[in-house]
There are 2 protein chains.
Amino acid sequence: MTGREPEASERRSTRQRTAITAVMTEVVDFRSARQIHAVLRERGHEIGLATVYRNLHDMEQRGEVDVLRAGGGDTAVYRRCERHEHHHHLVCRRCGRAVEVEGPVIESWAARVARDEGFSEVTHAMELFGTCGACTRAERGRPRP
Amino acid sequence: MTGREPEASERRSTRQRTAITAVMTEVVDFRSARQIHAVLRERGHEIGLATVYRNLHDMEQRGEVDVLRAGGGDTAVYRRCERHEHHHHLVCRRCGRAVEVEGPVIESWAARVARDEGFSEVTHAMELFGTCGACTRAERGRPRP
DNA sequence: GTATACATGATAATGAGTATCGACATCGCA
DNA sequence: TGCGATGTCGATACTCATTATCATGTATAC
Ligand SMILES: [Zn+2]
Ligand SMILES: [Zn+2]
Ligand SMILES: [Zn+2]
Ligand SMILES: [Zn+2]
């Protein structure tokens with residue numbers, strides 16, 4: 001959002017943190033804390049769920065992962081993003097595939113609207129949801145749920 | 001979003017529904033289900049919390065109220081909006097005051113991005129958060145000329 | 001008025017996320 | 001290498017919003 005973090009203090013390197021980072025590096029779609037926890041277990045890492053939450057929250061703070069809280073459910077989903085600058089996402093509500101999108105138009109529009117209404121320190125949250133090409137094709141010829 | 005609801009079936013008119021609708025008509029800011037429930041109690045209406053949730057969810061479905069799920073907490077907040085057409089909100093994160101805003105630019109941008117990425121049936125969620133004029137002034141401790 | 005499908009509400013259940021706190025691991029330093 | 005201060009972990013209890021249950025109440029059609 002507002003990329004001016006005060007260079008968060010260093011963290012100790014632990015077996016758990018390393019494993020979580022590794023998973024986040026490989027997984028490409030947004031995943032919930034519990035899903036990530038499950039992947040870790042499958043790989044033989046016996047890591048507590050609380051630790052997963054702690055680390056994800058931590059990685060979020062320092063901008064290492066993006067978090068999505070909208071999108072229907074109440075569950076937050078995380079993913080490591082290519083661009084660390086402010087950006088938005090276009091997420092397939094079917095398979096979870098996510099594309100990072102930039103929206104200069106959004107930024108300036110938000111700023112202008114805010115100014116016009118007399119608001120200051122304006123931030124915005126926005127995500128796009130849709131059905132990706134692959135899923136659209138897969139859907140064809142099949143009855144709707 | 002996607003204004004093609006199949007004309008939701010009629011609902012029975014009950015004392016509870018009437019009371020909830022009345023409250024939603026008067027309250028101007030976004031309020032949580034519990035807050036609305038509290039207001040109902042204050043007014044002498046002994047209505048179950050579950051019923052409040054049910055009705056709000058219902059009113060949301062038929063577009064009678066808008067719901068905000070982003071904005072920090074995990075609690076959903078509701079409010080009856082002037083315009084029933086698709087729109088967004090600029091919410092004061094200090095006092096909760098909300099302004100309805102329209103964003104034709106956003107709509108076209110979203111559509112274009114979606115097409116470019118091969119996505120279909122795209123919707124979007126977006127809200128603006130800031131500090132309203134009144135709160136900004138109060139923060140400074142002195143009003144602005 | 002009667003029947004019946006729908007609405008309500010007290011309460012239990014669910015489920016995400018957080019707080020606790022004793023045990024454990026890391027890292028700077030001797 | 002050994003030590004200790006301090007950061008981190010993890011089992012589990014907890015909070016709290018929202019949902020499911022299901023017996024009871026009631027709006028509506030006939
Ligand atoms: Zn991203
Ligand atoms: Zn897809
Ligand atoms: Zn304000
Ligand atoms: Zn829009």
Side-chain angles (χ1 to χ4, degrees), chain A residues 7-24 30-62 64-79 96 125, chain B residues 6-24 29-62 64-79 96 125:
Chain A
E7 194 56 49
S9 63
E10 262 317 301
R11 286 287 137 117
R12 288 184 182 175
S13 141
T14 66
R15 168 176 67 83
Q16 293 87 342
R17 174 170 289 260
T18 303
I20 294 171
T21 302
V23 169
M24 291 311 289
F30 281 94
R31 297 285 182 238
S32 72
R34 294 189 127 83
Q35 288 177 313
I36 294 162
H37 181 243
V39 172
L40 286 164
R41 296 226 134 186
E42 283 171 18
R43 298 188 180 187
H45 297 286
E46 290 297 321
I47 297 181
L49 181 56
T51 300
V52 175
Y53 272 110
R54 252 193 305 255
N55 280 287
L56 286 175
H57 187 266
D58 211 77
M59 295 164 80
E60 176 195 350
Q61 299 265 276
R62 61 185 63 202
E64 291 173 16
V65 300
D66 278 11
V67 56
L68 234 67
R69 293 204 165 79
D74 46 3
T75 313
V77 287
Y78 304 81
R79 96 158 201 176
Chain B
E7 193 58 48
S9 62
E10 262 319 299
R11 286 285 136 118
R12 289 183 181 175
S13 141
T14 67
R15 167 178 67 83
Q16 293 88 340
R17 172 169 292 258
T18 303
I20 294 171
T21 302
V23 169
M24 293 309 290
D29 298 328
F30 282 94
R31 297 283 183 241
S32 70
R34 295 189 114 87
Q35 289 176 314
I36 294 161
H37 181 243
V39 172
L40 288 163
R41 296 225 135 187
E42 284 171 17
R43 300 190 179 185
H45 297 285
E46 290 297 320
I47 298 181
L49 181 56
T51 300
V52 174
Y53 272 109
R54 252 192 307 254
N55 279 288
L56 286 175
H57 187 266
D58 211 78
M59 294 164 81
E60 177 195 351
Q61 300 264 275
R62 61 184 63 202
E64 291 173 16
V65 300
D66 279 9
V67 56
L68 235 64
R69 294 206 165 78
D74 44 3
T75 313
V77 287
Y78 305 79
R79 96 160 201 178

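Worth saying up front: this structure is predicted, and the values here are computed from it rather than measured. Every chain is numbered from 1 and lettered A, B, ... according to where its sequence line falls, protein lines coming before strand lines. All values below come from the heavy atoms of this structure, side chains included, with hydrogens, waters and symmetry mates left out.
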Separation of B/His57 atom NE2 from C/dT8 atom P, in whole Å? 15 Å
Quick one: B/Leu56 CG to C/dT8 P, roughly how many Å, whole number? 12 Å
As an exercise, state the distance from CD of B/Glu46 to CZ of B/Arg41, rounded to the nearest 0.5 Å. 4.5 Å
When you compare the side chain of B/Val23 with that of B/Arg43, does any pair of heavy atoms fall below 4.5 Å? yes
In whole Å, what is the span from the CZ atom of A/Arg31 to the C1' atom of C/dA16? 18 Å
Could you walk me through whether A/Glu64 and A/Met24 satisfy the side chain to side chain contact (heavy atoms under 4.5 Å, CB included) test, starting with their C-alpha distance in whole Å, then the side-chain angles of each, then the deciding distance to 0.1 Å, before giving a yes or no? CA-CA 10 Å; A/Glu64 291 173 16; A/Met24 291 311 289; over 6 Å; no
What does A/Ala33 touch in the nucleic acid at a heavy-atom separation under 4.0 angstrom: a base, only the sugar-phosphate, or nothing? nothing
Does A/Ile47 offer a backbone N or O that forms a donor-acceptor pair with the side chain of A/His37 under 3.5 Å? yes
Would you tell me if any nitrogen or oxygen in the side chain of B/Asn55 comes within less than 4.0 Å of OP1 or OP2 on C/dT8? yes
Drop me the distance from A/Thr75's OG1 to B/Asp74's CG, to the nearest 0.5 angstrom. 11.0 Å
Just call it for A/Leu49: base, sugar-phosphate, or nothing, with non-hydrogen atoms closer than 4.0 Å on any strand. nothing
Value in whole Å for how far the P atom of D/dG7 lies from CZ of A/Arg17: 14 Å
Under 4.0 Å, heavy atoms only, any strand: does B/Thr75 hit a base, just the sugar-phosphate, or nothing? sugar-phosphate
What integer distance in Å separates B/Arg41:CZ from C/dG9:C1'? 10 Å
Tell me: CZ of B/Arg54 to C1' of D/dT19, nearest whole Å? 10 Å
What closest approach, in Å, do A/Val65 and A/Tyr78 show between heavy atoms, and which atom pair accounts for it? CG2-CD2, 4.2 Å
Considering only nitrogen or oxygen atoms on both sides, find all protein atoms under 3.5 Å from nucleotides 26-30 of chain C and state each distance.
| unit_1 | atom_1 | unit_2 | atom_2 | d |
| --- | --- | --- | --- | --- |
| C/dT26 | O2 | A/Arg12 | NH1 | 2.9 |
| C/dT26 | O2 | A/Arg12 | NH2 | 3.4 |
| C/dC27 | OP1 | A/Ser13 | N | 3.4 |

What integer distance in Å separates B/Tyr53:OH from D/dT18:P? 4 Å
With a 4.0 Å limit, can you tell me whether A/Gln16 has a side-chain N or O closer than that to the phosphate oxygens OP1/OP2 of D/dG10? yes
Look at all strands and tell whether B/Asp58 reaches a base, only sugar-phosphate, or nothing, counting heavy atoms closer than 4.0 Å. nothing
For the side chain of A/Ala50, counting heavy atoms from C-beta on, which of D/dT12, D/dT18, C/dT8 is nearest? D/dT12
Rounded to whole angstroms, how far apart are CD1 on B/Ile20 and C1' on C/dA7? 11 Å
Determine whether A/Met59 and A/Thr21 satisfy the following criterion, side chain to side chain contact (heavy atoms under 4.5 Å, CB included), listing intermediate values before the conclusion. CA-CA 9 Å; A/Met59 295 164 80; A/Thr21 302; 4.1 Å; yes
